[in-house]
Amino acid sequence: MSVTEKSVKDGVATGTLLEVKGVKKYFPITAGVIRRKVGDIKAVDDVSFHLNRGETLGLVGESGCGKSTTGRLIMRVLDPTEGSIEFDGKDITHVRGSELRHLRKDFQMIFQDPYSSLNPRMSVGTLVAEPMVVNKTASRSEIKDRVAWLLETVGLSADARQRYPHEFSGGQRQRIAIARALSLRPKLIVADEAVSALDVSIQAQILNLLADLRKEFGLSYVFISHNLAVVKHVSDRVGVMYLGRMAEIAPKDLLYSNPLHPYTQALLSAAPEPKRHVQRERIILVGDVPSPAKPPSGCAFHTRCPKVMDVCRSERPILKDHGGGQIVACHLYA
Ligand code: ADP
């Protein structure tokens, strides 16, 4: 099966909502007074994946591996250096201006710290209404009703409308951010470390809310997190990134029960699994993550891989399907 092939869920063809093909994002490194370009930070370096309608795709990997940049590329907050992004069957890679503004209604982002994305001087009612007011999607009274309904839907009381973000706890603020994100009826939500700053019990509440909303609104999520347990809880499929590249992408159950890429194996071996009867042997990775300004030749993971072979130093492995939708970029399985 190809990376782009559509899947079938519960007997219903779900189809592809998002298709990311060979996307790169290089940030220039400059030096001197005239800011001469001396290199590139290869934040995302030839990444391909797809997201089906109604699906949650988790993206995991250590800090700095390019997860957020991938999220921002999907949202078209950043322009890719190379590659293409298709959304709902349309190439959106170079869409700009009013077309991009129109498109933005369909995808929204939720961040780790909702406080920084919620204007503290606006009441919660104004914050949730604002996207609808700006986009002129409904009349004043319709917007008022919808704000009340959205607040109720995310588990906040109607009187939250008159209050301000600082009056709420972190979990409640995330609910406000979710209500605002939902106001324009998006098709896709990119959640970037959306529960990472919350206490574990509150994390579970927000994750359950996101799962309920997915069913109710037919949403699709790209769920970015460094936390493997959180990603396991919410995702249908999971992509593991290393140094700007996709190491492995697979249905959740396959990835967690039978990880194939040595990097996935190492990540999982380091993650505590309270319910696991047989603990995985801990794989200790040597050395630090190399700089994305100077990624290793061949397979980017070869400098830390416990199973490194000669070919890994010179040839970049490509993603190959190993059955059941488990797609791995590793010479071990060539
Ligand atoms: P993650 O979300 O996995 O922690 P990021 O996507 O934030 O990773 O970052 C990937 C790499 O790109 C990091 O080395 C980061 O420092 C770099 N990076 C991200 N944004 C920028 C930027 N605007 N300018 C320069 N480098 C950046």
Side-chain angles (χ1 to χ4, degrees), residues 18 20-32 35-49 51 56-83 85 93 107-114 116-117 174 177 188-198 203 221-232 234-235 237-249 255 261 263-264 266-268 270-271 285 287-297 299-301 303-304 316 319 329:
L18 177 76
V20 173
K21 283 190 204 159
V23 163
K24 297 183 181 177
K25 182 65 191 176
Y26 292 179
F27 294 106
I29 307 169
T30 55
R35 304 186 66 76
R36 189 170 50 90
K37 185 177 157 198
V38 291
D40 283 306
I41 294 173
K42 296 178 176 173
V44 174
D45 195 12
D46 200 357
V47 161
S48 300
F49 61 88
L51 174 73
T56 299
L57 175 71
L59 285 185
V60 289
E62 290 160 291
S63 173
C65 68
K67 306 182 295 295
S68 286
T69 305
T70 303
R72 286 154 70 210
L73 287 164
I74 295 168
M75 295 295 300
R76 285 299 325 277
V77 180
L78 291 173
D79 284 328
T81 309
E82 247 181 61
I85 301 168
T93 322
F107 37 72
Q108 296 289 321
M109 201 154 180
I110 308 172
F111 298 94
Q112 173 168 358
D113 175 14
S116 62
S117 58
Q174 199 56 288
L188 168 68
I189 289 190
V190 175
D192 189 356
E193 301 284 3
V195 298
S196 303
L198 305 174
Q203 277 189 4
Y221 295 115
V222 173
F223 194 93
I224 296 169
S225 177
H226 68 282
N227 186 328
L228 283 149
V230 164
V231 166
K232 185 178 183 184
V234 295
S235 305
R237 284 184 305 133
V238 177
V240 180
M241 291 186 70
Y242 184 78
L243 218 55
R245 304 178 188 184
M246 196 65 84
E248 178 164 4
I249 184 162
L255 189 110
H261 198 288
Y263 180 59
T264 316
L267 273 187
L268 287 177
L285 291 178
D288 294 327
V289 182
S291 162
K294 249 187 158 210
S297 58
C299 172
F301 186 56
T303 53
R304 301 170 80 204
R316 180 169 171 165
L319 284 168

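Here the structure is a predicted model, which means the values were calculated and not measured. Any value given below was found using the heavy atoms of this structure, including those in side chains, with hydrogens, waters and symmetry copies removed. Counting starts at 1 for both ligands and their atoms, in listed order.
Checked by atom type and distance alone, the side chain of R76 pairs as donor or acceptor with a backbone atom of T93 at under 3.5 Å. Between the side chain of K42 and the main chain of K294, no donor-acceptor pair closer than 3.5 Å is present.
Distance remark: protein heavy atom present below 4.0 angstrom from atom 2 (O) of ligand 1. Protein heavy atoms all stay at least 4.0 Å away from atom 15 (C) of ligand 1.
In terms of protein heavy-atom proximity, atom 8 (O) of ligand 1 is closest to G66 N, 3.2 Å. The protein atom (non-hydrogen) at minimum distance from atom 12 (O) of ligand 1 is A43 CB, 3.2 Å. Looking from atom 27 (C) of ligand 1 to the surrounding protein, the closest heavy atom is F27 CD1, 3.4 Å.
Under the 30°/60° scheme for interplanar angles, the aromatic rings of H261 and F301 are found to be tilted.
Ligand 1 places these atoms under 4.0 Å from at least one heavy atom of T69: 5 (P), 6 (O), 9 (O), 19 (C). Per-residue contacts place I41 under 4.0 angstrom from the following atoms of ligand 1 (heavy atoms of the residue considered): 12 (O), 17 (C), 26 (N). With ligand atoms numbered from 1 in the order given, ligand 1 contributes 1 (P), 3 (O), 8 (O) to contacts under 4.0 Å with heavy atoms of C65. Taking a cut-off of under 4.0 Å to the non-hydrogen atoms of K67, the atoms of ligand 1 that pass are 1 (P), 2 (O), 3 (O), 4 (O), 6 (O), 8 (O). Set against the non-hydrogen atoms of S63, the atoms of ligand 1 under 4.0 Å away are 4 (O).
Side chains of Y242 and R304: a donor-acceptor N/O pair is present below 3.5 angstrom, by distance only.
Heavy atoms only, all atoms of each residue included: D46 and K24 are closest at N-CG, 3.3 Å. Scanning all heavy atoms of the two residues, the minimum distance from V47 to M246 falls at CG2-N, 4.0 Å. Heavy-atom minimum distance, G66 versus V44: O-CG2, 3.7 Å. Residue K37 comes nearest to P28 through the heavy atom pair CD-CB, 4.0 Å, listed as atom of the first residue, atom of the second, then distance.
Residue G64 holds the heavy atom nearest to atom 4 (O) of ligand 1 of all those in P292, G64, G71, A293.
Checked by distance only, ligand 1 and S68 come closer than 3.5 Å through their nitrogen or oxygen atoms.
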